[in-house]
Amino acid sequence: MLKSLEKLLIAASLFFCFASCSKTEWKQKHNISFYHWKSSFNVDEEMREVTRELECQKVYLHLFDVVKKNGRVMPTDELMPIDTNLLYADSVKFVPVVFVMNEVFEGIDSNKVDNIAYHVSSLIHEITSYGSNTPNYDEVQIDCDWTQSTKDNYFHFLKTIAELQEKEVSSTIRLHQVKDVETMGVPPVKKGYLMCYATSDPRGGEESNSILDIKLLKNYTKNLNTYPLPLDYALPLFSWGVVTNHNGKIKLLNGISKSDVENEGFKKMSGNKYKVLEDCFINGLYINKDFTIEIEEITPDLLRDAKNYLDDKINGEYNIVYYHLSKGFLKRFTINDLN
């Protein structure tokens, strides 16, 4: 009887020990991938080592943008031809990504959409066919912040690209497109990628972090589990500075962090806001004396909060794609932060 009681007490102790453990210790492990969003494929051994430790599944290569300029649709910011030999293990897949401005699809007919799709598909093929060790791919991703007025043309574009490429086509999904799914529609693809960042306008003057605000993320994704398309989730690693001039005009300076402004050339005003003490260049942008810079960046704690929320919210497994693969951004996080 005593031994039975002892066994019962041990079992009860183990149960309460497990139950009291932090929920974050029991989070599922996600397959990790990265966006690469630069005009040249520049990945050194240090960055490759991070992707190896994370058992990186895919690299989503931004190939080019499609914009409308002076009434003409044209590509811009094209990725230089690449040769991926010896850069990654054979297990890492490459996914070409093309960003298309929403205005490209405004006020045109289906024939024009077909023509744009043809030229986009041809340029994808041209860039990915360079050299003898170009990336093999079985998926093409299109990134577009479509609106209610352009959704028909955009969805037609997706179907046409799939036919021309003879590959699976995926689409990025913005938070407002999930929240307002009845008016925004669902793209005709097998898989979407929810961009869990840019939750608010950095020019809006709010005190919250405009890159990622957990409260706003929760608000946009209340009905996430009813979205009629399988989703993976893109999470941010980047930072930017909101630069304000003497007249109150604002410009975003990508890639800047606190380490860039915590020196004698700047004076901390409050929170993450700094005053420029002398004219200077930061990341190629000339900034005048007395301008202000407010730093917004993703911290390990903020990233953890976002993943914990998604783990609690989502029914089932999902993959994470980090935006984006950059040595400067990766230095802020440990492998455990990213896993």
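Because the structure is a prediction, the values reported are computed rather than measured. All residue numbers in this chain count up from 1 along the given sequence.
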N/O donor-acceptor pair under 3.5 Å between T150 side chain and W146 backbone: no
Heavy-atom neighbours of H125 NE2 exceed 12 at 6.0 Å: no
Donor-acceptor side-chain pairing of D143 and Y193 below 3.5 angstrom: no
Sidechain-backbone polar pair: T128 side chain, I124 backbone, donor-acceptor under 3.5 Å: yes
Check: H30/D311 side-chain N/O donor and acceptor closer than 3.5 Å: yes
In one Ile/Leu/Val/Met/Phe/Trp/Tyr side-chain cluster, 4.5 Å: I298, V261: no
Side-chain heavy-atom pair L123, P75 within 4.5 angstrom cut-off: yes
Aromatic ring pairing Y35/Y60, orientation class (parallel under 30°, perpendicular over 60°, tilted between): tilted
ILVMFWY cluster, W37 and V100 together (side-chain gap under 4.5 Å): yes
No-hydrogen, no-angle side-chain donor-acceptor test under 3.5 Å, E168 and Y137: no
Distance, nearest 0.5 Å, that separates CG of N219 from CG of L175: 10.0 Å
Sidechain-backbone polar pair: Q141 side chain, V169 backbone, donor-acceptor under 3.5 Å: no
Salt bridge present between E139 and K93 (N-O < 4.0 angstrom): no
Donor-acceptor pair between N153 and E106 side chains, under 3.5 angstrom: no
T334 and D337 side chains, donor-acceptor separation under 3.5 Å: yes
Backbone of K112 reached by a side-chain donor or acceptor of D109 within 3.5 Å: yes
Test log, rule side-chain contact (heavy atoms from CB on, under 4.5 Å), inputs L237 and L330: CA-CA 7 Å; L237 301 179; L330 292 178; 4.0 Å; yes
All side chain to side chain donor-acceptor pair (under 3.5 Å) counterparts of S210, not counting sequence neighbours: E296
Distance-minimising heavy-atom pair for V66 and V98: CG2-CG1, 3.9 Å
Test item: side-chain donor near acceptor, Y118 and T160, under 3.5 Å: no
Whether H36 side chain and H62 backbone form a donor-acceptor pair below 3.5 Å: no
Side chains of Y154 and S171 in contact at under 4.5 Å (non-hydrogen atoms): yes
Side-chain touch F157/I116, heavy atoms, less than 4.5 angstrom: yes
Pair Y227, T221: side-chain N/O donor-acceptor within cut-off below 3.5 Å: no
Interatomic distance, L303 atom CG to R332 atom CZ [nearest 0.5 angstrom]: 11.5 Å
Residue that, paired with I256, satisfies side-chain contact (heavy atoms from CB on, under 4.5 Å) out of V243, L285, I282, V242: I282
ILVMFWY cluster, Y309 and V321 together (side-chain gap under 4.5 Å): yes
Spacing of CD belonging to Q148 relative to CG belonging to D180, to within rounding of 0.5 Å: 9.5 Å
Residues that D301 engages under side chain to side chain donor-acceptor pair (under 3.5 Å), provided they are two or more places apart: R304
Candidate pair S257 and E297, rule side chain to side chain donor-acceptor pair (under 3.5 Å), full reasoning: CA-CA 7 Å; S257 64; E297 58 186 3; 4.5 Å; no
Which atom of D232 lies closest to which atom of K191, heavy atoms considered: OD2-NZ, 2.5 Å
Under 3.5 Å donor-acceptor, K215 side chain and S208 backbone: no
Under 3.5 Å donor-acceptor, N225 side chain and K313 backbone: yes
Single-linkage hydrophobic cluster, 4.5 Å side-chain cutoff, L252 and V67 together: yes
Mutual orientation of the aromatic rings belonging to Y322 and F34 [parallel < 30°, tilted 30-60°, perpendicular > 60°]: tilted
Test item: N245 side-chain N/O and K249 main-chain N/O as donor-acceptor pair under 3.5 Å: yes
Within-4.5 Å side-chain heavy-atom neighbours: V186 and Q177: no
Any side-chain donor near an acceptor of the partner, Y233 and N319, under 3.5 Å: no
Side-chain donor/acceptor of S170 to backbone N/O of G192, under 3.5 Å: no
Between E294 and Y274: side-chain donor-acceptor atoms closer than 3.5 Å: no
Pair F329 and H324, ring centroids less than 6.0 Å apart: yes
Common cluster, L253/V276, ILVMFWY with side-chain heavy-atom separation under 4.5 Å: yes
Residue from N283, I295, N254 passing side-chain contact (heavy atoms from CB on, under 4.5 Å) with W240: N254
Pairwise side-chain contact, V178 with N223, heavy-atom cut-off 4.5 Å (strictly under): no
N/O donor-acceptor pair under 3.5 Å between N288 side chain and F291 backbone: no
Spatial distance of atom OG1 (T292) from atom NZ (K267) [nearest 0.5 Å]: 13.5 Å
